[in-house]
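Lettering of chains follows the sequences in order, A, B, ..., and the numbering in each one begins at 1.
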Number of protein chains: 2
Amino acid sequence: METICKRFHFRIINNCIKRIIVVDKHKQSFDSFLKNFKKTVSNLGLKNSTQKDYILKILYFTDKHLSVEDIIKIAKQEYKIDMGIATVYRTVKFFEDLNIVKSLDIADKAKRYELNISLHHDHMICTSCNKILEFNDEIIEEQQKEVAKNNDFILNDHIMTIYGLCENCQ
Amino acid sequence: METICKRFHFRIINNCIKRIIVVDKHKQSFDSFLKNFKKTVSNLGLKNSTQKDYILKILYFTDKHLSVEDIIKIAKQEYKIDMGIATVYRTVKFFEDLNIVKSLDIADKAKRYELNISLHHDHMICTSCNKILEFNDEIIEEQQKEVAKNNDFILNDHIMTIYGLCENCQ
DNA sequence: ATGCATGCAAAGAGTTTGCACCTAA
DNA sequence: TTAGGTGCAAACTCTTTGCATGCAT
């Protein structure tokens, strides 16, 4: 059972959703996303910058979970732009505050960042090759609400990460 | 529906299990646990030390998730022992390798450690007061296996953390 | 013109490592 | 006796901050 969800560029396999980012197809939606973002920044009384734009663009057009160093490297290689590390840290933090970016802790290593504009999903991390797979499972989502309710806890967010061996590393 | 599981010092509420560590009751079981641990260390051709013993004891007799600094503080206050920070880092890492300790990443802060000798459980963290509640939910556990299976992933471990507001902070 | 944003470098926080000394076996 | 353990300090990695300058509005 496999369906392709064109709208969100997700492939749905047995209730699990893997994100497939098809860069070119996003082009148009990115432009409007960026425009919208810039407006939000203005409305907050803050200033736009090419750095913010590029960091957003880099996060938008990747299927990976990037560290701050990754972002700087991509900016340099793909866009021939040098960005100060402090700027990138400040910007991803700002994006987190705006709730358009989520951070992900991977054992021992630097924090990684990803855009938070698609469906909520969780992660499977291969402990051998460090590959990150994404999934979304309705039953787990529902059951979490149940658990929170039973503990008088107001659920705002959650992280779920499965560690193991991916197909190739077994 | 509420049962008390005396053996493991857990209270079971609506399928959710909260750990209640009753320190005194553990006394006897700790002694045998420690004995067993020391034997394991010997069998590995490694050496025991009072530092290892105390770190194990501190982790055993707490219901909190301790950072390395916490462990040093408790050692000093409760047991009048000074331990080098490097020793504590090395020891908790060693415990992790032995699979008797698990580490827990909390946003932005130092890693926290807990013993891994009881039932598997996950965490709910209050974003207001930082309190950590533990829970275990069979449906979620099962569904994770399902997800892993559907993605050709061999599940070894997982982390699940719910963020929200606890009863008191709402 | 104003005030937020940037980049650099220095400072901080958390963790690891080298080394001389100590101690369990 | 000797291999591993410990504590100190230095090193390292990741992240934050202060400040002069740059740039969007």
Given dG14(C), is OP1 or OP2 found less than 4.0 Å from the side-chain N or O atoms of Lys111(B)?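 For dG14(C), OP1/OP2 do not have a side-chain N/O of Lys111(B) under 4.0 Å.
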Side-chain N or O of Tyr89(A) versus OP1/OP2 of dT15(D): is the shortest distance under 4.0 Å?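 Looking at the OP1 and OP2 atoms of dT15(D), one of them is under 4.0 Å from a side-chain N or O of Tyr89(A).
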Using salt bridge (Lys or Arg N to Asp or Glu O under 4.0 Å), reason through Glu142(B) and Lys145(B) one step at a time and then give a plain yes or no. CA-CA 5 Å; Glu142(B) 277 311 308; Lys145(B) 289 178 195 156; 3.3 Å; yes
Atom pairs, protein N/O to nucleotides 5-11 of chain D N/O, distance under 3.5 Å:
residue : atom : partner  : partner atom : Å
dG5(D)  : OP1  : Lys52(B) : NZ           : 3.4
dT6(D)  : OP1  : Ser49(B) : OG           : 2.4
dT6(D)  : O3'  : Gln51(B) : NE2          : 2.7
dG7(D)  : OP1  : Gln51(B) : NE2          : 3.1
dG7(D)  : OP1  : Asp82(B) : O            : 3.4
dG7(D)  : OP2  : Gly84(B) : N            : 3.1
dG7(D)  : OP2  : Thr87(B) : OG1          : 2.5
dG7(D)  : N7   : Arg90(B) : NH2          : 2.9
dG7(D)  : O6   : Arg90(B) : NH2          : 3.1

List the residues meeting side-chain contact (heavy atoms from CB on, under 4.5 Å) with Lys38(B), not counting sequence neighbours, and say none if there are none.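 Only Leu34(B), Asn48(B), Asp53(B) meet the side-chain contact (heavy atoms from CB on, under 4.5 Å) criterion with Lys38(B).
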For Glu141(A), all residues meeting salt bridge (Lys or Arg N to Asp or Glu O under 4.0 Å), sequence neighbours excluded: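 Glu141(A) satisfies salt bridge (Lys or Arg N to Asp or Glu O under 4.0 Å) with no other residue.
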Using a 4.0 Å cut-off on heavy atoms, which residues in residues 67-77 of chain B reach DNA chain D? List them by number, or say none.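 Heavy-atom cutoff 4.0 Å gives no residues at all.
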With the threshold set at 4.0 Å, does a side-chain nitrogen-carboxylate oxygen contact exist between Asp70(A) and Arg112(A)?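 The answer is yes: the pair qualifies as a salt bridge.
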Charged N to carboxylate O below 4.0 Å: is that the case for Lys76(B) and Asp82(B)?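 The answer is yes: the pair qualifies as a salt bridge.
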Close N or O pairs between protein and nucleotides 10-13 of chain C (under 3.5 Å):
none

Go through it in stages, so that I can follow the logic: the residues are Thr40(B) and Asn43(B), the test is side-chain hydrogen bond (donor to acceptor under 3.5 Å, both in side chains), and I'd like the CA-CA distance, side-chain angles, deciding distance and then a yes or no. CA-CA 5 Å; Thr40(B) 307; Asn43(B) 290 344; 5.7 Å; no
Check step by step if side-chain contact (heavy atoms from CB on, under 4.5 Å) holds for Asp137(A) and Asp122(A). CA-CA 8 Å; Asp137(A) 188 278; Asp122(A) 294 299; over 6 Å; no
What is the distance from [atom1] of [X] to [atom2] of [N], rounded to the nearest Å?
| X | N | atom1 | atom2 | answer |
| --- | --- | --- | --- | --- |
| Lys39(A) | dT25(D) | NZ | P | 14 Å |
| Phe95(A) | dA5(C) | CZ | C1' | 13 Å |
| Asp97(B) | dT16(C) | CG | P | 11 Å |
| Lys93(B) | dT17(C) | NZ | P | 7 Å |
| Ile55(A) | dT6(C) | CD1 | C1' | 11 Å |

So for the helix from dA1(C)-dT25(D) to dA25(C)-dT1(D), with five pairs setting each end axis, what is the inter-axis angle to 10°?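 Overall, the helix from dA1(C)-dT25(D) to dA25(C)-dT1(D) bends by 30° from one end axis to the other.
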Tyr113(B) six-ring face occupied by Lys102(B) cation (under 6.0 Å, within 45°):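 No, Lys102(B) does not lie over the aromatic ring of Tyr113(B).
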Lys57(B) to Phe30(B), cation-pi by 6.0 Å centre distance and 45° axis angle: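 So Lys57(B) doesn't make the cation-pi contact.
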Treating Ile, Leu, Val, Met, Phe, Trp and Tyr as nodes and any side-chain heavy-atom pair under 4.5 angstrom as an edge, say whether Val92(B) and Met83(B) lie in one connected cluster.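 Yes.
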Can you name the one residue among Ile139(A), Val147(A), Ile140(A) that meets side chain to side chain contact (heavy atoms under 4.5 Å, CB included) with Ile139(B)?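 With Ile139(B) as partner, side chain to side chain contact (heavy atoms under 4.5 Å, CB included) holds for just one option, Ile139(A).
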Ignoring hydrogens and angles, tell me if any N or O in the side chain of Gln170(B) forms a donor-acceptor pair with the backbone of Asp152(A) under 3.5 Å.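 Here the side-chain-to-backbone pair exists.
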Assess the pair Phe37(B) and Tyr60(B): is the distance between their ring centroids shorter than 6.0 Å?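 No, the ring of Phe37(B) stays outside the 6.0 Å limit from the ring of Tyr60(B), centre to centre.
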